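The residues of the chain are indexed from 1 along the displayed sequence. Values in this document were obtained by computation on a predicted structure and should not be read as measured data.
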Amino acid sequence: MPGDIGRELAELLHPVAPEKFLTEYWEKQALHIRGTPEKFAGLFDQERFDRAILHANYDKRAPSSFGIRAFWRNRHGLYAAIEIGPHQVREAFASRTTICVNDISAGDEGLARFAAHIKRQLNLATPIHFSCYLSPEGEGLDTHYDARHATIIQISGRKLWRYSRLPAMHYPARNAIVEQDGRVRYADNKPVKDVPTPDESQFEEVMMEPGDVLYLPPGCWHNAKASGEPSLALTMSCSTSGFMSILVPELERVLQQKVEWRALVPASLTALAPEAGVPAEARRFISARLTELQELLGKLASDETEIERLWRRASGASPVLAVAGQPPTSPLKPEDVLVRTEPYPLAYGTRPGPGGVAAVYVYGNSTELAFSGEALPLVKGLATRERFKVADVEAWAGLGLERSLEVLKALMSRGLLRRETEPATPPRTESAAEHL
């Protein structure tokens, strides 16, 4: 590893088939996959760790999720964490603390791209990122569960993992730990209701060695300790912000175009008694906005095209894989060969209209383009071809040459197509949508 682009998920899970993983384990139960030391050769190592924490720490574009924490036992015998800088990692590790680097993929392009490919291959609508754990011999973390999917990849050393096969709670709201007296609490010390103390005698136990993979759904109890030598492991996690992370941006995109939704709730100088209600003008304003929101949600729920667009925009968004598109630098010629820029099938959807198709939506390279319905035969043809000659397009596109060229230029400008003779352009920083 890394192997063939587009097969990252299959290679990660081998010999378990992705279909089996999704139907039997994803969200349901833990899975340990025994590997070999060569399985993840080239994916990550100690040298990459050192470079990544320096790069992400001093990169102003690094996400706020990046951070380095050292875990040590406090005077109560519990693990506590403190934020540290890259220059403090070596000293902290020497003092027998576990080092956790959250979102280390922000400092390692290879990890970031690997995670983005896994997201695409699972058609996930939320991002995936890597964290990293460096533990001295005999150290790790005590029993807790995480409110996220976690896939652990053992890079070097050995680590003894003990975990519950089934989640204690389906999609918990927050991480939780077990105190020494057996009480279950959140990280902010508030007690966790309706979650009993786990019976650790029933935990599964496995010694993770280089090349091994362990998948834990959200809510699975676990603890881990490095065994015999220091341990370096990656944890690939999926954000569990849920459907709100998809819906809210869509609502903002639509509603913020309306002045009423950009306006403030009406101000008032009325001195209200404690028992007084909302001022009439404010009440009317809030009620009107909620009514509009209800109507919009109803329209979205009943519109199959909008449901598909919402899902495809979210599941196809992988900005780290996106390339910067550009219009052709010279007119397209019949002998020009165009190629798709992604290893994934070109996705598209349609909006029905009177007597046929009113619009075609094309997805790829973390973007969405909309064309008139007449472009459907051309888009269908592109979906089945990874490369083609411009001269051949008119025969299967069903459009005139001039209109076909307009569609091809639009796809090139958004980075979905490029001339075969031209090198791939560098990644772009954000996704965008374009309507034709």
Side-chain angles (χ1 to χ4, degrees), residues 13 16 20-34 65 69 71 73-74 76-81 98 100 102 118 122 124-133 135 139-154 159-208 212-227 231 233-245:
L13 298 174
V16 177
K20 180 181 178 70
F21 170 73
L22 201 59
T23 57
E24 298 184 19
Y25 296 97
W26 180 256
E27 299 180 319
K28 301 178 182 70
Q29 61 177 317
L31 170 66
H32 172 241
I33 303 173
R34 184 66 73 186
S65 54
R69 291 178 295 167
F71 287 85
R73 289 194 182 276
N74 60 24
H76 303 293
L78 300 175
Y79 277 111
T98 286
C100 170
N102 192 49
I118 296 295
L122 281 171
L124 287 175
T126 52
I128 290 178
H129 70 269
F130 275 104
S131 295
C132 186
Y133 291 82
S135 298
E139 296 297 327
L141 293 176
D142 290 335
T143 303
H144 65 285
Y145 67 60
D146 297 313
R148 60 177 182 170
H149 294 268
T151 302
I152 299 91
I153 299 174
Q154 191 68 27
K159 204 166 195 177
L160 180 64
W161 280 77
R162 302 182 67 249
Y163 57 91
S164 62
R165 185 175 63 86
L166 302 176
M169 175 185 291
H170 190 61
Y171 281 110
R174 289 181 287 168
N175 299 347
I177 64 175
V178 180
E179 293 186 325
Q180 289 184 331
D181 61 4
R183 290 183 299 173
V184 179
R185 65 173 177 83
Y186 292 118
D188 60 4
N189 290 319
K190 293 182 179 179
V192 180
K193 300 178 180 179
D194 303 323
V195 177
T197 301
D199 181 359
E200 297 194 22
S201 68
Q202 300 300 309
F203 280 12
E204 305 281 335
E205 184 173 296
V206 63
M207 182 67 75
M208 291 281 285
D212 284 7
V213 172
L214 176 63
Y215 165 71
L216 297 174
C220 270
W221 292 113
H222 58 279
N223 59 63
K225 297 288 186 293
S227 178
S231 164
L234 292 167
T235 295
M236 186 175 65
S237 58
C238 171
S239 168
T240 52
S241 50
F243 183 61
M244 291 296 288
S245 64

Exercise. CD1 of Ile153 to CZ of Phe130: how many Å apart, nearest 0.5 Å?
Worked result: 4.5 Å

Problem set entry | More than 12 heavy atoms of other groups within 6.0 Å of Asp194 CG | no

For this session: Only counting residues at least two apart or in another chain, list the ones meeting side-chain contact (heavy atoms from CB on, under 4.5 Å) with Thr235.
Result: Tyr133, Arg148, Ala150, Ile152

Exercise. Taking side chain as C-beta onward, heavy atoms only, is Val192 less than 4.5 Å from Arg174?
Worked result: no

Exercise. Which heavy atom in Cys220 sits nearest to a heavy atom in Leu166, and how many Å separate them?
Worked result: SG-C, 3.7 Å

Exercise. Can you tell if the side chain of Asp142 reaches within under 4.5 Å of the side chain of Lys225, non-hydrogen atoms only?
Worked result: yes

Seminar exercise, completed: For Tyr215 and Tyr25, the nearest pair of non-hydrogen atoms, with its separation, is CE2-O, 3.4 Å

Seminar exercise, completed: Tightest non-hydrogen contact, residues Val184 and Val195, listed as CG2-O, 3.9 Å

Exercise. Where do Ile177 and His144 come nearest, in terms of heavy atoms and distance?
Worked result: CG2-CB, 3.6 Å

Exercise. Sequence neighbours excluded, which residues qualify as side-chain contact (heavy atoms from CB on, under 4.5 Å) partners of Glu24?
Worked result: Lys20

Problem set entry | Separation between OG1 of Thr151 and CG of Leu13, rounded to the nearest 0.5 Å | 8.0 Å

Exercise. With side chains defined as the heavy atoms from C-beta onward, is the minimum distance between Ser135 and Lys159 less than 4.5 Å?
Worked result: yes

For this session: Mind checking the NE2-CD spacing from His32 to Glu205? Nearest 0.5 Å is all I need.
Result: 12.0 Å

For this session: Sorted by first residue and then second, give each ring-ring contact (aromatic ring centres under 6.0 Å, His included) pair with at least one member in residues 159-178; sequence neighbours left out.
Result: His149-Tyr171, Trp161-His222

For this session: Please determine, by modelled atom types, if Ser164 and Gln202 share a side-chain donor-acceptor pair under 3.5 angstrom.
Result: no

Exercise. Taking side chain as C-beta onward, heavy atoms only, is Phe71 less than 4.5 Å from Cys100?
Worked result: yes

Problem set entry | From CG (Leu214) to CZ (Arg34), nearest 0.5 Å | 10.5 Å

Problem set entry | Taking every non-hydrogen atom, the tightest pair across His129 and Asn102 | NE2-OD1, 3.8 Å

Exercise. Does any non-hydrogen side-chain atom of Thr143 lie less than 4.5 Å from one of Arg162?
Worked result: no

For this session: Grab the two heavy atoms, one from Asn175 and one from Ala147, that are nearest each other, plus how far apart they are.
Result: OD1-N, 2.8 Å

Problem set entry | Side chain proximity check, Pro172 to Pro218, heavy atoms < 4.5 angstrom | yes

Seminar exercise, completed: Value for CG (Leu141) from CG (Asp146), rounded to nearest 0.5 Å, stands at 9.0 Å

Problem set entry | Gap between atom CD of Gln154 and atom CE of Met207 - 0.5 Å precision | 10.0 Å

